[in-house]
Chemist: 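Quick one: this structure, given as structure tokens, is what I'll be asking you about.
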Amino acid sequence: GSEMCIRDSNGPPWIDDRTGQTLDPARVEIGMAKERDSLQKFEVFVAVPRSSLDKYLAEGYRIIKSRWVLVDRAERGVKARLVAQEIAKGRQIDLYTATPTSIGQMLLMYVAVLKNWSLLTGDVSTAFLHAKLRPDDRILLDPPPTEGVDVIWILQRALYGLRRSPQLFQIHMTGVLIAAGWIRCVGDAQLFRHKATSALLSIHADDILLVAPPEAERQPVSYTHLRA
């Protein structure tokens, strides 16, 4: 008969979450180190002693488990992402996040052809971590054993795996664009027009589609201000 194997997702051994293959621990550690650097750069959490858990729960915090998600990208190494494991609860409308309309996407391509403008694509690296949690988002994260068994984390950023993270990033990104001179379309919440250059921009999650005149395209664009 068939056998069922239940494994610890926080290893070792480390398993590729896409293929199910066993991963080289040395390559996994390199990927984890990069993720740790990213979490530290964005000040995603504050570590506190696990002995203080009851104190924070009494103050209205809730605790969420976490795990590593690992994917072997061959020559690019193992992609390691530490994610929250938040269980679905509450109303779905509370988590609503807009997506671009197909008409808006076609409009950008039509303008690019009509005006002979460039059509550019890009994305925001570690997008969700740019957004801060709200003051009333009192969340503790139970980190994987690799990050220490005597600590818990007070989350400060929209970590991947939190159900509200996509919404928080969208709110943050919209604020950044408006501050930089972009106008949000009333009929398509993810379509923006730049007042000075008439460039058009559409966002789907962290993927960007941009149509811009040549003079705007040559201007350097910095995303360092994306961080809250």
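Computed from a prediction, not measured in an experiment: that's the story for all the values here. Sequence positions, counted from 1, serve as the residue numbers for this chain.
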Chemist: Begin with the C-alpha distance, continue with both residues' side-chain angles, and end with the deciding distance and a verdict on side-chain contact (heavy atoms from CB on, under 4.5 Å) for Leu140 and Trp153.
Modeler: CA-CA 5 Å; Leu140 299 172; Trp153 295 353; over 6 Å; no

Chemist: Would you be so kind as to tabulate the donor-acceptor pairs closer than 3.5 Å made by side chains of residues 44-54, with sequence neighbours excluded?
Modeler:
unit_1: Arg50; atom_1: NE; unit_2: Val149; atom_2: O; d: 2.9
unit_1: Arg50; atom_1: NH2; unit_2: Asp142; atom_2: OD1; d: 2.7
unit_1: Arg50; atom_1: NH2; unit_2: Val151; atom_2: O; d: 3.1
unit_1: Ser52; atom_1: OG; unit_2: Pro49; atom_2: O; d: 2.6

Chemist: With hydrophobic residues grouped by side-chain heavy-atom distances under 4.5 Å, do Ile64 and Leu133 end up in a single group?
Modeler: yes

Chemist: Let me check something: do Val113 and Val211 share a hydrophobic cluster, defined by ILVMFWY side-chain heavy atoms less than 4.5 Å apart, either directly or through other members?
Modeler: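 Per the 4.5 Å side-chain linkage, Val113 and Val211 are not co-clustered.
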
Chemist: How far apart are the closest heavy atoms of Thr121 and Leu209, and which atoms are they?
Modeler: CG2-CD1, 3.8 Å

Chemist: Applying salt bridge (charged side-chain N to carboxylate O under 4.0 Å, His left out), run through Arg36 and Glu147 and close with a yes or a no.
Modeler: CA-CA 9 Å; Arg36 292 186 187 107; Glu147 310 313 298; 2.8 Å; yes

Chemist: If I compare all heavy atoms of Gly148 with all of Pro143, which pair ends up nearest, and what's the gap?
Modeler: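 It is O-CG, 4.1 Å.
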
Chemist: Is Gln170 reaching over with its side chain to a backbone N or O of Ala205, donor-acceptor style, under 3.5 angstrom?
Modeler: no

Chemist: Between Gln105 and Pro100, what is the shortest heavy-atom contact and its length?
Modeler: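 What the structure gives for the nearest pair is NE2-CB, 3.6 Å.
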
Chemist: Roughly how far, to the nearest 0.5 Å, is OG of Ser66 from CD of Gln85?
Modeler: 6.5 Å

Chemist: Check the pair Ile171, Gln167 against side-chain contact (heavy atoms from CB on, under 4.5 Å), reporting the backbone distance first and the verdict last.
Modeler: CA-CA 6 Å; Ile171 293 171; Gln167 183 187 78; 4.1 Å; yes

Chemist: Is the shortest side-chain heavy-atom distance between Lys115 and Pro213 below 4.5 Å?
Modeler: no

Chemist: Leu120, Ile208: one ILVMFWY side-chain cluster at the under-4.5 Å cut-off?
Modeler: yes

Chemist: Scan residues 72-83 for pairs that pass salt bridge (Lys or Arg N to Asp or Glu O under 4.0 Å), counting only residues two or more places apart or in two chains.
Modeler: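 Residue pairs passing salt bridge (Lys or Arg N to Asp or Glu O under 4.0 Å), neighbours aside: Arg27-Asp72.
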
Chemist: In sequence, state the C-alpha distance, the side-chain angles, and the governing distance for Met109 and Leu119, and then conclude on side-chain contact (heavy atoms from CB on, under 4.5 Å).
Modeler: CA-CA 7 Å; Met109 291 183 277; Leu119 184 65; 4.0 Å; yes

Chemist: Please tell me whether Trp117 and Leu107 are part of a single hydrophobic cluster in this structure, the criterion being side-chain heavy atoms less than 4.5 Å apart.
Modeler: yes

Chemist: May I ask you to check whether Thr146 and Trp68 show a side-chain donor-acceptor distance below 3.5 Å?
Modeler: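 Per modelled atom types, Thr146 and Trp68 side chains form a pair under 3.5 Å.
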
Chemist: What distance separates Arg164 CZ from Asp137 CG, expressed to the nearest 0.5 Å?
Modeler: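 Output value for this atom pair is 6.0 Å.
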
Chemist: Just wondering, more than 12 heavy atoms not from Asp150 lying within 6.0 Å of its CG?
Modeler: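 No - once you tally the heavy atoms of other residues, nucleotides and ligands closer than 6.0 Å, there are 12 at most.
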
Chemist: How far does OG1 of Thr97 sit from CZ of Phe169, to the nearest 0.5 angstrom?
Modeler: 11.0 Å

Chemist: Which pair of heavy atoms, one from Leu200 and one from Trp182, lies closest together, and at what distance?
Modeler: C-CZ3, 4.0 Å

Chemist: Under a 4.5 Å cut-off applied to non-hydrogen side-chain atoms, are Arg193 and Ser198 in contact?
Modeler: yes

Chemist: Mind checking whether Pro166 and Phe128 have side chains closer than 4.5 Å, heavy atoms only?
Modeler: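 The answer is yes, as the side chains (C-beta and beyond) meet within the 4.5 Å cut-off.
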
Chemist: Would you check if Arg184 and Thr174 make a side-chain contact, meaning some heavy-atom pair closer than 4.5 Å?
Modeler: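 Yes, at least one pair of side-chain atoms sits under 4.5 Å.
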
Chemist: Do Leu23 and Val28 touch side chain to side chain, with heavy atoms closer than 4.5 Å?
Modeler: yes

Chemist: Got more than 12 heavy atoms from elsewhere within 6.0 Å of CD1, Ile103?
Modeler: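 Not more than 12 within 6.0 Å, no.
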
Chemist: With a 4.5 Å cut-off on side-chain heavy atoms, are Leu162 and Leu155 touching?
Modeler: yes

Chemist: Which pair of heavy atoms, one from Phe42 and one from Leu129, lies closest together, and at what distance?
Modeler: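 Answer, listing the atom of Phe42 first, then Leu129: CD2-O, 3.5 Å.
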
Chemist: Calculate, to the nearest 0.5 Å, the distance between atoms CG and OG1 belonging to Leu159 and Thr126 respectively.
Modeler: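 With rounding to 0.5 Å, CG (Leu159) is 11.0 Å from OG1 (Thr126).
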
Chemist: Suppose we screen for salt bridge (Lys or Arg N to Asp or Glu O under 4.0 Å). Which residues come up paired with Lys55, at least two apart in sequence or across chains?
Modeler: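 Partners of Lys55 by the salt bridge (Lys or Arg N to Asp or Glu O under 4.0 Å) criterion, ordered by chain and then number, come out as Glu59.
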
Chemist: Thinking salt bridges, do Glu86 and Arg62 make one under a 4.0 Å N-O criterion?
Modeler: yes

Chemist: Hey, what do you get for CD1 (Ile203) to CG (Leu191), rounding to the nearest 0.5 Å?
Modeler: 9.5 Å

Chemist: Quick one, Lys65 and Ile87 - any side-chain contact, counting heavy atoms below 4.5 Å?
Modeler: no

Chemist: To the nearest 0.5 angstrom, please state how far the CZ atom of Arg157 sits from the CG atom of Leu168.
Modeler: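 Reported value, rounded in 0.5 Å steps: 11.0 Å.
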
Chemist: Over all heavy atoms of both residues, which pair between Ile139 and Tyr61 is shortest? Give the atoms and the distance, please.
Modeler: N-CD2, 3.6 Å

Chemist: Between Trp14 and Val71, is there shared hydrophobic-cluster membership here, with clusters defined by ILVMFWY side-chain heavy atoms closer than 4.5 Å?
Modeler: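 No, Trp14 and Val71 fall in different hydrophobic clusters.
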
Chemist: Within a strict 4.5 Å, meaning less than it, do heavy atoms of the Leu141 and Leu82 side chains meet?
Modeler: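 Yes, close enough: below the 4.5 Å cut-off.
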
